[in-house]
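Labels below follow one simple rule: chain letters A, B, ... track the order of the sequence lines, proteins then strands, and each chain is numbered from 1. Computed from a predicted model, the values in this text were never measured in an experiment.
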Protein chains: 2
Amino acid sequence: MTTDRIRDFLATRRPEGPCLVVDLDIVRDNYRAFEKALPDSSIYYAVKANPAPEILKLLASMGSNFDCASVAEIEMALDAGATARRISFGNTIKKERDVARAHALGVNLFAVDSHEEVEKVARAAPGARVFCRVLTDGEGAEWPLSRKFGCVPQMAVDVLVYAHQLGLVSYGVSFHVGSQMTKLDAWDAALSDARRVFEKLAQQGIELKMVNMGGGFPTKYLKDVPTAEAYGQAIFGALRKHFGNNLPETIIEPGRGMVGSAGVIKAEVVLVSKKADTDQLRWVFLDIGKFGGLAETMDEAIRYPIRTARDADDMENCVIAGPTCDSADVLYEKAPYPLPVSLTIGDEVLIEGTGAYTTTYASVAFNGFEPLRSYVI
Amino acid sequence: MTTDRIRDFLATRRPEGPCLVVDLDIVRDNYRAFEKALPDSSIYYAVKANPAPEILKLLASMGSNFDCASVAEIEMALDAGATARRISFGNTIKKERDVARAHALGVNLFAVDSHEEVEKVARAAPGARVFCRVLTDGEGAEWPLSRKFGCVPQMAVDVLVYAHQLGLVSYGVSFHVGSQMTKLDAWDAALSDARRVFEKLAQQGIELKMVNMGGGFPTKYLKDVPTAEAYGQAIFGALRKHFGNNLPETIIEPGRGMVGSAGVIKAEVVLVSKKADTDQLRWVFLDIGKFGGLAETMDEAIRYPIRTARDADDMENCVIAGPTCDSADVLYEKAPYPLPVSLTIGDEVLIEGTGAYTTTYASVAFNGFEPLRSYVI
């Protein structure tokens with residue numbers, strides 16, 4: 001996944017310190033693959049995955065819409081050339097003054113999952129469209145979602161009726177099957193729930209129009225994942241099964257699936273050592289770790305492919321850790337990671353599949369280390 | 001722990017958004033308590049806990065030394081008025097060019113825990129003093145250390161002999177009992193190991209001079225913790241037990257214990273909701289979470305005291321979560337947290353004991369939210 005363009009950039013520019021390099025050609029390919037796989041769905045790029053202006057500009061120019069988590073992200077999408085009608089304020093937890101700001105900027109689509117949030121939107125964005133997020137169980141996702149977002153389907157019905165009563169446009173429902181979801185049938189159960197909410201609203205004379213199917217589309221890390229086409233077929237099949245010929249508008253919100261595979265982090269081996277002269281297990285310390293952008297190694301959830309110039313040599317398991325004076329800054333220890341026996345201090349390593357959820361997770365200055373630099377080429 | 005000065009500052013200045021306020025009077029009191037409890041030890045403040053310039057300046061003016069994790073932290077300590085001789089480069093994972101930069105700035109005390117690191121220091125800082133970190137088990141610490149730092153005592157002997165052979169000054173040993181350590185006898189076992197390393201080096205004609213006893217001194221969160229005096233007595237007793245009348249120089253590196261209790265985070269309730277109409281459990285969402293500075297709630301390790309203006313009302317358990325579109329951004333869920341039943345959207349909450357390990361852990365801009373602001377008064 002380290003493209004020739006990324007390899008050339010690193011060889012020519014030789015940036016000092018750890019950095020992320022994102023290849024826009026891959027982002028473009030990923031966008032087209034989603035368009036092709038789900039031609040009737042609108043794509044709302046999840047800005048939080050990587051808000052680099054170059055990425056937002058490219059996607060805006062290709063016709064993408066944007067799923068934003070905050071007013072700052074809305075402003076970034078607008079700056080990149082998106083119109084306000086192409087933006088969804090997808091966070092179910094918003095300050096009322098932020099709803100008002102978004103509304104003043106022209107945003108007209110808001111996520112809710114509670115009566116209290118509906119009241120805020122009704123006051124601060126009167127007449128706006130809302131969709132209610134429904135809880136799904138996230139089984140099969142590598143980065144599982146908790147119950148933090150959404151409410152049970154029956155409550156979603158009440159929330160959308162309430163929104164209607166308060167003068168909002170009850171527009172649809174949303175769900176999220178869990179990030180890095182590799183089970184193709186995960187969308188089926190969620191779409192079945194969505195269909196039931198549509199029916200119950202219709203019984204009260206409220207016609208929902210849209211299903212927001214969220215994200216969850218994976219990036220290939222070490223294990224193979226299904227293709228965008230396979231996802232498209234599975235999702236379209238589930239839509240037909242539950243909605244028949246009366247298909248609703250649909251939205252997808254790829255973040256990781258759009259940019260994850262487009263990025264590579266260049267890092268350096270700072271130390272290779274052991275804890276006892278008699279130990280077999282090596283510790284490999286890199287100049288990037290959990291607080292420098294690799295937060296998703298938390299609980300060793302995401303296992304990134306790591307390439308070195310010595311990968312033809314013998315491999316042996318090691319613990320991989322970051323450079324900070326924080327004992328939690330260990331990337332892979334419970335399941336050690338095979339790296340070349342000949343790996344040595346000063347070697348460069350390439351950490352692939354790191355285009356999503358890295359730069360923005362980086363800490364401001366933990367241990368005095370500057371945040372992860374990023375180059376979009 | 002919300003002092004009158006912090007309360008007055010918040011009432012007068014009314015800062016917008018979440019922020020940390022640190023009261024320097026408490027930092028001063030904490031420094032004096034450490035001086036009094038361990039009068040024969042040198043205090044090296046762990047800069048990573050909170051590198052705010054006002055804190056570093058105050059401590060430099062009181063005579064503190066500084067434990068630094070990076071060249072950037074060394075420069076901050078120098079800027080605050082510390083001389084290079086009062087600085088320890090305490091990270092065992094250093095790039096050789098950073099060792100050289102520190103050495104050029106006059107730093108002459110380096111941590112090591114491997115032969116490889118000794119070689120770097122010997123090349124980049126010839127003749128410097130080194131201390132070797134020894135592994136301890138961290139039992140009893142609320143924020144346990146892994147095996148990331150240090151080596152077994154027998155290997156520490158070899159490392160220090162090697163340093164001597166390479167022309168460095170083998171100066172001492174260090175250990176760290178684990179952050180937020182509340183067991184007073186934790187230092188006893190570590191000092192016993194340290195004594196054995198001293199003896200083995202002496203047998204080879206190398207006289208160690210210093211024991212770096214690290215940090216671990218706790219901040220009072222919800223549970224009571226022993227006083228600085230109690231720690232001082234326990235540590236002095238263990239030193240006498242293992243070193244008799246021939247006491248070495250000693251260093252302590254308080255970070256959390258120096259600034260944790262001096263800080264309070266002001267935050268706002270963004271949403272109080274339930275996941276089903278029939279649920280008893282409330283979800284309380286704040287405008288600060290794991291990615292905005294409260295990273296130490298990871299695995300619900302640190303349980304901060306949270307104060308509201310409604311604490312006289314009935315309390316009921318709730319889940320507390322942050323404002324980002326990230327399902328991992330939940331602070332307390334496995335062990336729910338009691339908050340007033342009357343707590344409502346827009347209420348201010350004060351999160352106490354947050355002076356350490358908050359501002360620098362904050363992410364650059366996850367979800368578009370700006371990093372935690374900090375006011376030192």
- Note on the structure: Turns out that what part of A/Thr324 lies under 4.5 Å from chain B's heavy atoms comes down to both
- Message: To the nearest 0.5 Å, what is the distance between CZ on A/Phe291 and OG1 on B/Thr360?
- Response: 9.5 Å
- Message: At a heavy-atom distance under 4.5 Å, which candidate from A/Gly90, A/Gly322, A/Ala321, A/Cys68 has the highest pair count against chain B?
- Response: A/Gly322
- Do you know which of A/Pro51, A/Pro371, A/Ala362 has the most heavy-atom pairs under 4.5 Å to chain B? A/Ala362
- Is there side-chain contact between A/His115 and B/Lys274, with at least one heavy-atom pair below 4.5 Å? no
- Message: Among A/Met76, A/Lys95, A/Glu117, A/Glu370, which residue has the highest count of heavy-atom pairs closer than 4.5 Å to chain B?
- Response: A/Lys95
- A/Glu268 portion near chain B, given a 4.5 angstrom heavy-atom threshold: side chain
- Note on the structure: If one checks every heavy atom of A/Asp158 against chain B at 4.5 Å, the contacting part turns out to be side chain
- Task: Locate the shortest heavy-atom distance separating A/Ile93 from B/Phe285; write the atom from each residue and the value.
- Result: CD1-CD2, 3.4 Å
- Heavy-atom proximity to chain A below 4.5 Å, by part of B/Lys120: side chain
- Message: Below 4.5 Å, heavy-atom pairs only: which of A/Thr359, A/Val272, A/Val47 has the largest tally toward chain B?
- Response: A/Val272
- Note on the structure: From the list A/Asn367, A/Leu372, A/Val152, A/Val270, the residue making the most non-hydrogen contacts under 4.5 Å with chain B is A/Asn367
- Item | Side chain B/Lys148, main chain A/Asp329, donor-acceptor under 3.5 Å | yes
- Query: Quick one: what part of A/Val71 sits under 4.5 Å from any heavy atom of chain B, side chain, backbone, both or neither?
  - Reply: neither
- Query: Quick one: does A/Ser70's side chain have a donor or acceptor within less than 3.5 Å of a partner on B/Phe369's backbone?
  - Reply: no
- Quick one: does B/Glu116's side chain get under 4.5 Å of A/Ile345's, heavy atoms only? yes
- Heavy-atom distance under 4.5 Å to chain A: side chain of B/Val319, backbone, both or neither? neither
- Message: Just so I know, are the side chains of A/Leu271 and B/Ser114 near enough to count as touching, which here means a heavy-atom distance under 4.5 Å?
- Response: yes
- Counting heavy-atom pairs under 4.5 Å with chain A, the top scorer among B/Gly293, B/Pro323, B/Pro153 is B/Pro323
- Task: Inspect the contact between A/Lys275 and B/Asp113 and indicate whether a charged nitrogen and a carboxylate oxygen are less than 4.0 angstrom apart.
- Result: yes
- Item | Contact leader toward chain A among B/Ala111, B/Gly150, B/Ala156, where contacts are heavy-atom pairs under 4.5 Å | B/Gly150
- Item | Which of A/Ala69, A/Cys325, A/Ala46, A/Ala365 touches chain B most, by non-hydrogen pairs under 4.5 Å | A/Cys325
- Under 30°, 30 to 60°, or over 60°: which ring-plane class applies to A/Phe366 and B/Tyr361, parallel, tilted or perpendicular? parallel
- Message: Side chains of A/Asp279 and B/Arg147, heavy atoms from C-beta outward: is any pair under 4.5 Å?
- Response: yes
- Query: Using a cut-off of under 4.5 Å for heavy-atom pairs, which of B/Gly368, B/Gly346, B/Ala49 has the most such pairs with chain A?
  - Reply: B/Gly368
